[in-house]
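Working notes for the structure below.
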2 protein chains.
Amino acid sequence: MISKNLTAASTKPIILGILQQGNSYGYLIIKKIKELSGGKMKYSDGMLYPVLHKLEKDGMIVSNWVMANETRPRKYYEITDLGKEALLIEKEQWSQINSVLNELWGMSPNKN
Amino acid sequence: MISKNLTAASTKPIILGILQQGNSYGYLIIKKIKELSGGKMKYSDGMLYPVLHKLEKDGMIVSNWVMANETRPRKYYEITDLGKEALLIEKEQWSQINSVLNELWGMSPNKN
DNA sequence: TAAAATACATAGAATTACAAAGTATATAGA
DNA sequence: TCTATATACTTTGTAATTCTATGTATTTTA
């Protein structure tokens with residue numbers, strides 16, 4: 001299982017990334033993350049929904065209820081332009097951190 | 001500046017990575033991180049020292065005071081075998097997260 | 001008809017991060 | 001000589017966040 005800190009750091013880019021590929025709703029996003037990570041990340045609903053609410057409050061995503069005929073109502077989320085910008089910033093930050101870590105890890109140890 | 005979450009997630013692997021390259025002390029570690037990240041990450045002392053104390057409590061690192069003749073005493077830290085193991089686990093988790101994010105970001109958007 | 005899956009929501013306890021304040025010495029500059 | 005800055009480590013307290021637990025309700029499967 002992925003550590004708490006890494007999970008927290010990746011929640012926003014993962015959700016925005018999923019919605020960039022197409023609209024989705026909470027329950028499905030949870031399953032998608034589990035599937036994408038091969039079971040290494042599991043969000044409970046109590047963890048994910050508040051994050052979605054916050055992202056909506058911050059204007060990163062917008063929601064609308066969809067009443068499909070055969071099933072229960074679902075709250076579909078869509079990424080906004082602001083959300084797409086935020087995703088780009090996230091990507092850049094991940095790349096920056098990765099270069100720091102790679103620089104550190106790429107060097108041979110104990111040369112002091 | 002790197003986001004709070006990403007900073008939190010990378011603190012442990014960065015510190016352990018720095019100590020893997022050779023013993024160091026708090027003040028120098030702070031400067032090293034700033035330098036490594038090109039100024040994108042800045043730890044205050046109030047942020048870093050408690051993390052060092054926790055890593056020591058968890059057995060990842062050990063410390064000893066060094067009284068150099070010309071300067072103030074410094075508390076040098078050294079990575080332990082447990083810390084080296086933890087670093088390997090960290091590396092693996094970062095690689096897992098990166099593959100999830102790359103899978104998500106590598107796909108072309110809005111194909112729904 | 002019972003259990004499991006689908007679907008969303010939120011209160012509040014528990015944790016955690018980190019700014020701020022404290023101690024102390026050395027050095028550079030005015 | 002005096003002051004400001006840099007070096008070096010520590011801890012307290014609170015602000016913010018996290019996520020467990022709990023609640024509601026419908027549908028599907030066994």
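Chain letters run A, B, ... following the sequence lines, proteins first and then strands; every chain starts at 1. This one's a predicted model, so the numbers in the text were calculated from it and none came from an experiment.
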In Å and rounded to the nearest 0.5 Å, what is the OG to CG distance from Ser63(A) to Leu52(A)?
9.5 Å
By nearest nucleotide on DNA chain C, pick out whichever of Ser44(B) and Tyr25(A) is the more 5' one.
Tyr25(A)
Side chain of Asp45(A), heavy atoms from C-beta onward: which of dT20(D), dT26(D), dC8(C) has the nearest atom to it?
dC8(C)
Any side-chain donor near an acceptor of the partner, Tyr43(A) and Thr7(A), under 3.5 Å
no
Grab the CG-P distance between Leu28(A) and dT6(C) for me, whole Å please.
10 Å
When you measure from the side chain of Met47(B), which nucleotide among dC8(C), dC18(C), dT7(D) comes out closest?
dC18(C)
Pairwise 5' ranking along DNA chain C for Pro50(A) and Lys4(A), keeping only the more 5' one
Pro50(A)
Side-chain N or O of Tyr49(A) closer than 4.0 Å to phosphate OP1/OP2 of dC8(C)
yes
Take atom CH2 of Trp65(A) and atom C1' of dC8(C), then tell me their distance rounded to the nearest Å.
6 Å
Would you kindly give the OH-to-P distance between Tyr43(A) and dT6(C), to the nearest whole Å?
20 Å
Begin from the C-alpha positions of Ser3(B) and Leu6(B) and carry the test side-chain contact (heavy atoms from CB on, under 4.5 Å) through to its verdict.
CA-CA 5 Å; Ser3(B) 74; Leu6(B) 260 182; 3.5 Å; yes
Which residue lies more 5' along DNA chain D, comparing Gly46(A) with Gly26(B) via nearest heavy atoms:
Gly26(B)
By nearest nucleotide on DNA chain D, pick out whichever of Ala8(A) and Lys75(B) is the more 5' one.
Lys75(B)
Starting at NE2 of His53(A) and ending at C1' of dT10(C), how long is that distance when rounded to a whole Å?
9 Å
Do the non-hydrogen side-chain atoms of Pro13(B) and Trp94(B) ever get within less than 4.5 Å of each other?
yes
Between dT10(C), dT18(D), dT26(D), which nucleotide has the shortest distance from any of its atoms to the side chain of Arg72(A)?
dT26(D)
Expressed in angstrom and rounded to an integer, what is the separation of Ile2(B) atom CD1 from dC18(C) atom P?
14 Å
Starting at atom OH of Tyr27(B), determine the distance to atom C1' of dT10(D), rounded to an integer number of angstrom.
15 Å
Between CD on residue Gln96(B) and CG on residue Leu101(B), distance to nearest 0.5 Å:
12.0 Å
Determine the contact category for Lys31(A): base if any of its heavy atoms lies under 4.0 Å from a base atom, sugar-phosphate if only primed atoms, P, OP1 or OP2 are that close, otherwise nothing.
sugar-phosphate
Roughly how many Å is it from CD in Glu56(A) to C1' in dC8(C), rounded to a whole number?
13 Å
Leu55(A) CG to dA9(C) P, in whole Å, measures 14 Å
